[in-house]
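Before any comments, here is the structure.
Every chain is numbered from 1 and lettered A, B, ... according to where its sequence line falls, protein lines coming before strand lines.
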Amino acid sequence: MEYNFKAIEKKWQDHWYNNGRFKALDFSDKPKYYALVEFPYPSGQGMHVGHIRAYSSLEIVSRKRRMEGYNVLFPIGFDAFGLPTENYAIQTGTHPRIVTDRNIEVFTNQLKQGGYSFDFDRVIDTTDEDYYKWTQWIFVQLFKKGLAYRDKTYINFCPSCKVVLSNEESQGGKCDRCDTGVVQKEKDVWFLKITDYAERLLTGLKDLDTLPRIRTEQENWIGKSTGAHVDFKVKDTDESMMVFTTRPDTLFGSTFMVIAPEHEIIERQKDKINNLDEIYKYKENAKLKTEFERVELAKDKTGVLIDGLVAINPVNDKEIPIFVADYVMIGYGTGAIMAVPGHDTRDYEFATKYNLDIIEVISGGDISKEAYTDSYNGILVNSGLLNGLKVPEAKEKIIQFLEEKKIGKEAVNYKMKDWAFNRQRYWGEPIPIIHCPKCGMVHVPEEDLPVVLPKVERFEPSDEGESPLSLIDEFINTTCPKCGGPAKRETDTMPQWAGSSWYFLRYIDPKNKEKLADFNKLKYWMNVDWYNGGMEHVTRHVIYSRFWHLFLYDIGVVPTEEPYKKRTAQGLILGPDGDKMSKSKGNIVNPLEIIEEYGADTLRLYTLFIGDYEQSTPWSDNGVKGSKRFLDKLARLEDKLSDEPNEKYLTILHKTIKAVSEDIESVKFNTAIAKLMTLVNELTKVKQIYTKDFEMVLKIIYPFAPHICEELWQRIGHAEDMVNAPWPLHDKSKLVESSIEMVVSINGKVRDRVKLSLDTPKEEVIALAMSAKKIKELVSGKDIKKVIVVPNKLVNIVI
RNA sequence: GCGGGUGUGGCGGAACUGGCAGACGCGCUAGACUUAGGAUCUAGUUCUUAGGAGUGCAGGUUCAAUUCCUGUCACCCGCACCA
């Protein structure tokens, strides 16, 4: 057959999409399978080869599942709110709505050119009013339960994007999008109380089938640590300061306290502080440093003694000095620590620098040289009631003591902070809240949702960083839903994470006007059986969406607690030069060009064959040709078809069916394809291929390269397409050959091989091995110490 | 610093519970068919002085180690003054 991929691919795409061949049916009798890929941001550049790789995995799984008799939901949509579109709008003056619609159209066409078996009847767009109505609805529910709240805090602010960033978006002290240094700014912001769900987000991970790396990244992000809260009285005041410590056992060794520069006690007790100017100056300096500098430059610890305030160590009533230092973070724990220089490296460094007492309370180290931080083998000393105990016992005892005396208690602390949930931007979901001078903050009634984004002329935030919505009077001015008096709308919008935190639920019932999704449909389809996406979304997106899902479960909207059963993450496709693909490096490979030159089947195949799916691998232009040649060879097999059965290749055929079936399930697409190539190579060598066998070959290649397989399938006489053709099962009896080759080695080195029949008894095997010519020569005159036989594999002779 | 991971030909990468290292693909070499080939097909392709050496490096366990153990080096990813 002449393999004219252009005509073939177009023909079959039209056939599939025009006939709704990939429609998922609600409540079908078949077992359901929900395969989810992270939906794309429809950027102006169109698809990236990374998209192809990300979708091809579950595309294969979905096609295979349909053949296995499942009712498959394999949806796609668009996560279309966000900065790039908005920035483009600012530059060109084109409304984001128009840009988004255009980009979505381009993306949809490209996805169809890839031949993906998405159910295009369920496409969602997060910027669609019918969609973000429900994003707002969820926000309202969170607000009603007190899980969405407004607070004044220091926020990460990007001076270039003029936008508030979450901790996740300002990792390393740089803006996620433009790399500008992030500055701290005090602002009124919306928070979602994700910390209330910290423990459940952690325990829920147990049931998620995923890589250790993905699991630990989420665990680290949640950052649970256990210890105690302890109150330190401040002398001559009625104040006490609470600290969090994981080492309450070292309490007797605490010789000073350190608080973050932002700690509130400074303001409350400023009358008592003699060196207030110095402290303010220190605080100003700390604020000027970006988070990044604070980490990088402050290896050398700095701090200022608070002159005028003295703390009292609650276990021995010793008076200890209090310092302000920026190595203590206001956002972690209580923003204050008890310093135990003898047994904490940072405190040790600080104490040495400022000449503070260092007391040994755990023996085993040498605290004249460095802090002794061993928490398993040490024995407590100089610690009153704890003396002689091992660290774990001491922890228990001191907590008991603290609780009896009401000066502290056992505590758990999480690194995770509440989720800063607002942006001063136009292209996002308006936060459905009304500020009433009488009633305070009131949510927009559910029946009035959505709060529609108004048309505006200008999309830039104001210079003070306020949302462009704040410039539109008709939008802002409204009436209070509670008292009917004049009130003002919230002008901030939600971050891009909002729409993607629940989108997988909407696929299940994308057109529902009454609810975000029908409960019975959710019951039928949930959970997501397999979710694939980028490694970069593993901490933020996965945690956020699990949080929303847990919340929706709590209020009875969804039937399951956790949304995902299995999560995988594809590795990046790097540029041919081995660097990450980027515009500036000019090493971007355009998938449309590859489709043009080699076809979609080849492209899909190659993005999976390129290497281990979960590993990053460089692109190779030549490598693509190999995948194309494979398909050419497959097409040429048509000439060998015959009505007569042929035994010659049956073993490899059935071995391949088995191996490919297994490899797909264990995310080993590269080896699955390698085995398919081997099979086709073998079939190329034989004279005749029985048509019935060839059908099986087509079926196992179909999920990878569906267009060419459909074409060949039709050419050998099938009227029905392959979408629901039954997946072949391997025949066990065909897996093993009756005669096998066994390796004969001497001292572990392969010297010869012998042919014999399967399951030959041990004695016979040895006899045969010994009589092999080469072996005879090498063994003659030597002492045979031992002979090991591994059935059907090898014989090892030890001399 | 802590956590996770990876080191195998010229390149991308295979190798199930220890059992023929280098599957498959690229590239390269030679040949065939060709006016031509950057198309296709066939054969070869870890290195190397017949023997041997070889999976980052140094040891160990074993009849047998890419695989298990100890130490060590390098790189990648994530978190990071986390109390």
Side-chain angles (χ1 to χ4, degrees), chain A residues 171-172 211-221 223-225 227 243-247 250 254 258 260 291-292 294-296 298-301 325-329 331-340 344-347 349-350 413-416 535-536 538-539 571-572 574 576 578 605-606 609-612 614-627 629-630 632-633 636 659 662 666 668 670-681 684-685 741-753 785-799:
Chain A
Q171 288 176 20
L211 290 177
R213 180 174 163 211
I214 294 177
R215 188 186 309 280
T216 46
E217 262 179 42
Q218 293 196 45
E219 282 169 0
N220 286 345
W221 188 255
K224 180 181 183 176
S225 50
V243 302
F244 173 73
T245 176
T246 54
R247 298 294 304 274
T250 62
S254 179
V258 186
E291 190 93 20
F292 183 69
R294 214 163 138 165
V295 173
E296 280 301 301
K299 295 276 190 235
D300 184 32
K301 310 238 175 312
D326 62 5
Y327 84 85
V328 173
M329 303 288 149
Y332 183 78
T334 63
I337 62 159
M338 59 173 224
V340 185
D344 180 282
T345 4
R346 290 153 304 159
D347 298 344
E349 211 182 301
F350 193 82
N413 194 59
Y414 299 94
K415 196 155 58 178
M416 186 168 68
M535 198 60 217
E536 69 277 17
V538 159
T539 38
L572 293 175
L574 306 169
L605 207 56
Y606 178 63
F609 181 60
I610 191 167
D612 185 302
E614 317 212 67
Q615 215 82 40
S616 296
T617 321
W619 176 270
S620 151
D621 284 321
N622 277 324
V624 185
K625 290 181 195 161
S627 299
R629 280 180 202 149
F630 163 65
D632 288 338
K633 278 189 204 168
R636 260 181 256 130
E662 288 166 0
S666 45
K668 285 154 84 180
N670 55 337
T671 53
I673 294 167
K675 284 160 195 163
L676 290 171
M677 286 173 167
T678 310
L679 174 65
V680 169
N681 288 345
T684 301
K685 288 178 199 158
E741 199 176 56
M742 271 177 83
V743 166
V744 185
S745 61
I746 296 174
N747 290 343
K749 295 211 168 90
V750 181
R751 296 302 183 188
D752 208 347
R753 318 151 186 261
K785 289 185 186 133
K786 209 174 182 183
V787 178
I788 286 135
V789 179
V790 182
N792 300 326
K793 265 190 185 154
L794 65 85
V795 183
N796 190 24
I797 301 160
V798 186
I799 53 174

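Here K793(A) does not reach the OP1 or OP2 of A64(B): none of its side-chain N or O atoms lies under 4.0 Å away. Proximity of R346(A) to the phosphate of G1(B): no side-chain N or O atom is located under 4.0 Å from OP1 or OP2. Residue K415(A) places no side-chain N or O under 4.0 Å from the OP1 or OP2 atom of G78(B). Checking the phosphate oxygens (OP1, OP2) of G52(B), a side-chain nitrogen or oxygen of R751(A) falls inside 4.0 Å. The side chain of T539(A) places no N or O atom within less than 4.0 Å of a non-bridging phosphate oxygen (OP1 or OP2) of G78(B). In terms of phosphate contacts, R629(A) brings no side-chain nitrogen or oxygen within less than 4.0 Å of OP1 or OP2 of G38(B).
Not one N or O on the side chain of S666(A) forms a donor-acceptor pair closer than 3.5 Å with the backbone of K668(A). A donor-acceptor pair under 3.5 Å links the side-chain atoms of N796(A) to the main chain of G748(A), judged by distance alone. Put simply, the side chain of K415(A) gets close to the backbone of N220(A): a donor and an acceptor are under 3.5 Å apart. No side-chain donor-acceptor contact under 3.5 Å links S745(A) to the backbone of I797(A). Not one N or O on the side chain of S254(A) forms a donor-acceptor pair closer than 3.5 Å with the backbone of T250(A). For the pair D347(A) (side chain) and V340(A) (backbone), a donor-acceptor distance under 3.5 Å is present.
Nearest nucleotide to the T617(A) side chain, out of A83(B), C24(B), G12(B): G12(B). Among the nucleotides C82(B), G3(B), C63(B), the one closest to any side-chain atom of N220(A) is G3(B). Listed nucleotides: C81(B), A14(B), C20(B). Nearest to the side chain of D612(A): A14(B). In this structure, the nucleotide among A83(B), C24(B), G19(B) sitting nearest to the side chain of F609(A) is C24(B). Each of G13(B), A83(B), A53(B) was ranked by its minimum atom distance to the side chain of K749(A); first place goes to A53(B).
With rounding to whole Å, K675(A) atom NZ is found 9 Å from C16(B) atom C1'. If you measure from atom CG of N670(A) to atom C1' of C26(B), you get 15 Å, rounded to the nearest angstrom. Atom pair K625(A):NZ and G25(B):P shows a separation of 16 Å (rounding to whole Å applied). Counting to the nearest Å, the P atom of C24(B) and the CG atom of N681(A) are 7 Å from each other. In this structure, the CG atom of D344(A) is 8 Å from the P atom of C82(B), given to the nearest Å. Taking atom CE of residue M677(A) and atom P of nucleotide A23(B), one finds them 14 Å apart after rounding to whole Å. Here G25(B) presents its P atom at 6 Å from NZ of K633(A), a figure rounded to the nearest Å. Atoms CZ (R636(A)) and C1' (U40(B)) sit 7 Å apart, rounded to a whole Å.
In this structure, the separation between OG1 on T539(A) and CH2 on W221(A) is 6.5 Å, given to the nearest 0.5 Å.
Remark: C2(B) base-pairs with G78(B). Criterion, Watson-Crick or G-U wobble with two distances under 3.5 Å. With a cut-off of 3.5 Å on both Watson-Crick or G-U wobble distances, the partner of C57(B) is given as G71(B). Across all strands shown, A39(B) has no partner, as no Watson-Crick or G-U wobble contact with both distances under 3.5 Å is found. Summarising the base pairing, G13(B) is matched to no nucleotide, lacking a Watson-Crick or G-U wobble pair whose two defining distances lie under 3.5 Å.
Rounded to whole Å, the P atom of C76(B) lies 30 Å from the corresponding atom of C28(B). Atom name P, nucleotides G54(B) and U67(B): the rounded distance is 13 Å, in whole Å. When the P atom is compared between G18(B) and G9(B), the two are found 24 Å apart, to the nearest whole Å. Spacing between C20(B) and G10(B) at atom P, rounded to whole Å, works out to 23 Å. Nucleotides C26(B) and G44(B) have their C1' atoms positioned 16 Å apart, rounded to a whole Å. Using P as the reference atom, C75(B) and G60(B) are 28 Å apart when rounded to the nearest Å. Distance noted for atom C1' between C47(B) and A64(B): 23 Å (whole Å). The gap from the C1' atom of G13(B) to that of U55(B) amounts to 13 Å, rounded to the nearest Å.
Within 4.0 Å (heavy atoms only), V750(A) reaches sugar-phosphate atoms of the nucleic acid but no base atom. Residue-level contact check: K785(A) touches neither bases nor backbone, having no heavy atom under 4.0 Å from any strand. Residue contacts for K685(A): at a heavy-atom cut-off of 4.0 Å it reaches no nucleic acid atom on any strand shown. Within the nucleic acid shown, I610(A) comes within 4.0 Å of sugar-phosphate atoms alone, with no base atom in reach, counting heavy atoms only. Residue-level contact check: S616(A) touches the backbone only, with heavy atoms under 4.0 Å from sugar-phosphate atoms and none from bases.
The shortest distance between side-chain heavy atoms of I673(A) and Y606(A) does not fall below 4.5 Å.
No hydrogens or angles were tested; on distance alone, nothing pairs the side chain of N622(A) with the base of C26(B) as donor and acceptor under 3.5 Å. Judged by atom type and distance alone, R213(A) does not reach the base of C77(B) through any side-chain donor-acceptor pair under 3.5 Å.
Each of N747(A) and N413(A) was matched to the nucleotide of RNA chain B holding its nearest heavy atom; the match closer to the 5' end belongs to N747(A). Across the interface with RNA chain B, nearest-nucleotide mapping of G748(A) and T246(A) shows G748(A) to be the residue nearer the 5′ end.
Nucleotide G27(B) carries an anti base; the chi torsion (O4'-C1'-N9-C4 or O4'-C1'-N1-C2) is more than 90° from 0.
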